[in-house]
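Order of the sequence lines sets the chain letters (A, B, ...), proteins ahead of strands, with each chain counted from 1.
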2 protein chains.
Amino acid sequence: MDSTELPADSLMRVAVDLVILTVVDGVLHVALVTRGIAPFRGRPALPGGFVRADEDLAQAAQRELAEETGIELGSGHLEQLASYGAVGRDPRGRVVSVAHLALIPAERLRGGGDARTADWCPVDAVLADAGRLAFDHARVLADGLERAASKIEYTSVAASLCPPEFTVGQLREVYQAVWRRPVDPRNFHRKVTSAEDFLVPVPGGRSHGAGRPAQLYRVGPATLLRPPMDRQTIN
Amino acid sequence: MDSTELPADSLMRVAVDLVILTVVDGVLHVALVTRGIAPFRGRPALPGGFVRADEDLAQAAQRELAEETGIELGSGHLEQLASYGAVGRDPRGRVVSVAHLALIPAERLRGGGDARTADWCPVDAVLADAGRLAFDHARVLADGLERAASKIEYTSVAASLCPPEFTVGQLREVYQAVWRRPVDPRNFHRKVTSAEDFLVPVPGGRSHGAGRPAQLYRVGPATLLRPPMDRQTIN
DNA sequence: TCTTTAATCGTCAACTTGACGATTAACGCC
DNA sequence: GGCGTTAATCGTCAAGTTGACGATTAAAGA
């Protein structure tokens, strides 16, 4: 394990940062912490932390997710987003951050408790004052939002933002929240229910609440939606 | 710049690896080097190297690209692919590699000279014996190929694998090479020429060679192709 | 000149999409 | 219990796109 033959100037700190998204009442929220230490003390930041010597990148991301949101990633989704390594992005020294994107259902939110816990902030409000975000987190967040918006076009990950059983209406709310754009209920219903293996109806499962009761669905075995939905054109 | 307050066990080496693709005579090739030092001495590997203290990730990738292929990335395309940080991926110690994908036109290839220069290998042959690749480069290559195949579905990056001026037929050859699948010339022609701002005809530009001369095009201002082409369905 | 090779234009039926009307089935309220 | 409200779901239709594939065109080479 001696690595004296390796160049010393490539020794850097490696961190993970998390763009954790959820949809509450039709509004997209992102998990943010308030930094308690310098640099950027008191400023909002994405949850994250340094990768430990004995864990890989995905493990570090899952650990931070659990530590800062109390979420164990059951029906949620976690994927690597991109890495950010500009020379001066952290004033403490060279830090390369491997950002991850997490999509979790609102029902699994824990009422923010201790100081370590992240707060859920409406994305619109955060973007309106993105300059306050620590480090290069404004860009990381923007990249995460773009990734989420494009990924639900052609995959079934949007269901990760819903409870395990959900209605077409709930799924549509997720699309509208992530795309920041209204989606026609009738065409959306036709699209997602006619896509093979995309949704599986729960036998006898019906929703409650106002309006006509809706069929409950679970995500189907198809992870890809073909042809994809087009957020530019839709409606 | 003192960073004593940061955890020491997150100090790692950061490298860039490159999946450099090009199409020669309708066949997809990837640039590989033969490792001259341990570990994996004598085995094929993706070009790459450690990130220096004064350069960011994209700069490191461009530097390695220039060093190992002599390519200055004119009309080519370079994007970040993903990061790989499994604990034991490099026996010399903890190394996190930020992989990049480069797509370059065949015409810019330099006849491999010195030992530092990479060799162009047909992708099929490399995949047939992917186990010989050093480190986790088999997975990195697979991810790069998948990225390239999916990205040309909905963007104009395929043109990065063509010379600055090219025919529809040349572009189609690129698609066929990357997708490993035949594409109908008539439908392909209709699709790419009718997509707004995707291709711009070069006034008076006509190809030579066998068969009816073809109109020459340049990439248009539109970077996205909507609706995308579907490599699953096409033909 | 004839054959071969590509490029490009056309045709057509099948499918998908956006727009939007109509119906259905619960809820809350009088 | 009847009524308005809210959603879900079904239908319709014209417009656009796609896959399959025929036909024509223009050059190179024999």
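Checking the phosphate oxygens (OP1, OP2) of dT8(C), a side-chain nitrogen or oxygen of H189(B) falls inside 4.0 Å. Within the structure, a side-chain polar atom (N or O) of K191(B) is placed less than 4.0 Å from OP1 or OP2 of dT18(D).
Checked against the 6.0 Å centroid criterion, the rings of F188(A) and Y175(A) qualify as a close aromatic pair.
For CZ of R139(A), the number of neighbouring non-hydrogen atoms (other residues, nucleotides, ligands) closer than 6.0 Å is 12 at most.
Rounded to an integer number of Å, the gap from CZ of R206(A) to P of dC27(C) is 13 Å. We find that CD of Q215(B) is positioned 14 Å from P of dA26(D), with the value rounded to whole Å. Look at CZ on R226(A): it is 13 Å from C1' on dT18(D), rounded to the nearest Å. As a whole-Å value, the separation of E196(A) CD from dC15(C) P is 13 Å. Protein atom CD of Q232(A) is 16 Å distant from nucleotide atom P of dT17(C), rounded to whole Å. If you take CG of D230(A) and P of dT17(D), they are 12 Å apart, rounded to a whole angstrom. R212(A) places its CZ atom 9 Å from the C1' atom of dA7(D), with the value rounded to the nearest Å. If you measure from atom CG of D184(B) to atom P of dA6(C), you get 15 Å, rounded to the nearest angstrom.
Nearer the 5' end of DNA chain D, as judged by each residue's closest nucleotide, is the contact made by V168(A), out of G209(B) and V168(A). Position along DNA chain C of the nearest nucleotide to Y217(B) versus P228(A) favours Y217(B) as the more 5'-ward residue.
Salt-bridge check for R231(B) with E146(B): passed, with a basic side-chain N closer than 4.0 Å to an acidic carboxylate O.
Using a 4.0 Å heavy-atom cutoff across all strands shown, R172(A) reaches sugar-phosphate atoms only and no base atom.
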- Query: Can you give one letter per nucleotide of nucleotides 11-16 of chain D, 5' to 3': B if a protein heavy atom sits under 4.0 Å from the base, S if only from the sugar-phosphate, - if neither?
  - Reply: BB----
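Using a 3.5 Å distance cut-off with no hydrogens or angles, the side chains of D17(B) and H137(B) do pair a donor with an acceptor. For Y84(A) and D56(B), the side-chain atoms include no donor-acceptor pair closer than 3.5 Å. For the residue pair T223(A) / S156(A), no side-chain donor-acceptor distance below 3.5 Å is found, with atom types taken as modelled.
Rounding to the nearest 0.5 Å gives a distance of 11.5 Å between CD of Q80(B) and CG of L101(B).
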